[in-house]
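The chain is numbered in sequence order, starting from 1. Keep in mind the model is a prediction, meaning the values are calculated, not measured. The basis for the numbers below is simple: all heavy atoms, side chains too, and nothing from hydrogens, waters or symmetry mates.
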Amino acid sequence: MRYVFPAVFRKQTDVAGYHIFFPDIQGAGTVGEDLYDGIDMAQDWLCGRLFEMEENGEIVPRPSDTNEIKYEKDDIVTLIATDTDNYRHFL
């Protein structure tokens, strides 16, 4: 199944890079050394988490509108797309 969810990229203060989390998806999220790495890591984390939800019969929430996401001043809010069917083919 194809999904698109908003992600928040928050600059880390103690080390270089970004902490990335998905307001609509429960879980810890991921980190990226920079924005490019962060996007790759976010796609990977999101796909794995959504795949796990599907396999466990959990209800996948509806993605929030990016305009409704609460974030801090220097955060970056962007959309991340992933496809759990592609992931499933590689298992």
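In the hydrophobic clustering, Ile39 connects to Met1, Tyr3, Phe5, Phe9, Tyr18, Ile20, Phe22, Ile25, Leu35, Trp45, Leu46, Leu50, Met53, Val60, Ile76, Ile80, either directly or through intervening members, whenever side-chain heavy atoms lie under 4.5 Å apart.
Counting heavy atoms from C-beta on, the side chains of Met41 and Val31 never come closer than 4.5 Å. Lys11 has its side chain out of reach of His19: every pair of non-hydrogen atoms, C-beta onward, lies at least 4.5 Å apart. Put simply, the side chain of Glu55 reaches to within 4.5 Å of the side chain of Arg88, judged on heavy atoms. Contact annotation: the side chain of Arg49 approaches that of Glu58 to within less than 4.5 Å [non-hydrogen atoms, C-beta and beyond].
From Glu72, atom CD reaches atom NZ of Lys70 across 13.0 Å, with rounding to the nearest 0.5 Å. In this structure, Arg10 CZ and Tyr71 OH are separated by 11.5 Å, a value rounded to the nearest 0.5 Å. Between atom OG1 of residue Thr13 and atom CG of residue Asp74 there is a gap of 11.5 Å, rounded to the nearest 0.5 Å. We find the CD-CG distance between Glu54 and Asp85 to be 7.0 Å, quoted to the nearest 0.5 Å.
Between Gln43 and Thr82, the side chains place no donor N or O within less than 3.5 Å of an acceptor N or O (distance only, hydrogens not considered).
Panel note: side chain Asp44, backbone Asp40; no donor-acceptor pair is recorded below 3.5 Å. With Asp24 contributing its side chain and Ser64 its backbone, the two residues share a donor-acceptor pair below 3.5 Å.
Looking at every heavy atom in both residues, Val4 comes nearest to Ala81 through CG2-CB, 3.9 Å. Between Ile69 and Pro6, the shortest heavy-atom distance links the atoms CD1-CG, 3.9 Å.
No more than 12 heavy atoms of other residues, nucleotides or ligands lie within 6.0 Å of CD1 in Ile59, so this atom counts as exposed by the packing criterion. Within a 6.0 Å sphere centred on CD of Gln12, heavy atoms belonging to other residues, nucleotides or ligands number more than 12.
Among Thr78, Asp75, Thr66, the single residue meeting the side-chain contact (heavy atoms from CB on, under 4.5 Å) criterion with Val8 is Asp75.
Residues Tyr87 and His89 keep their aromatic ring centres 6.0 Å or farther apart.
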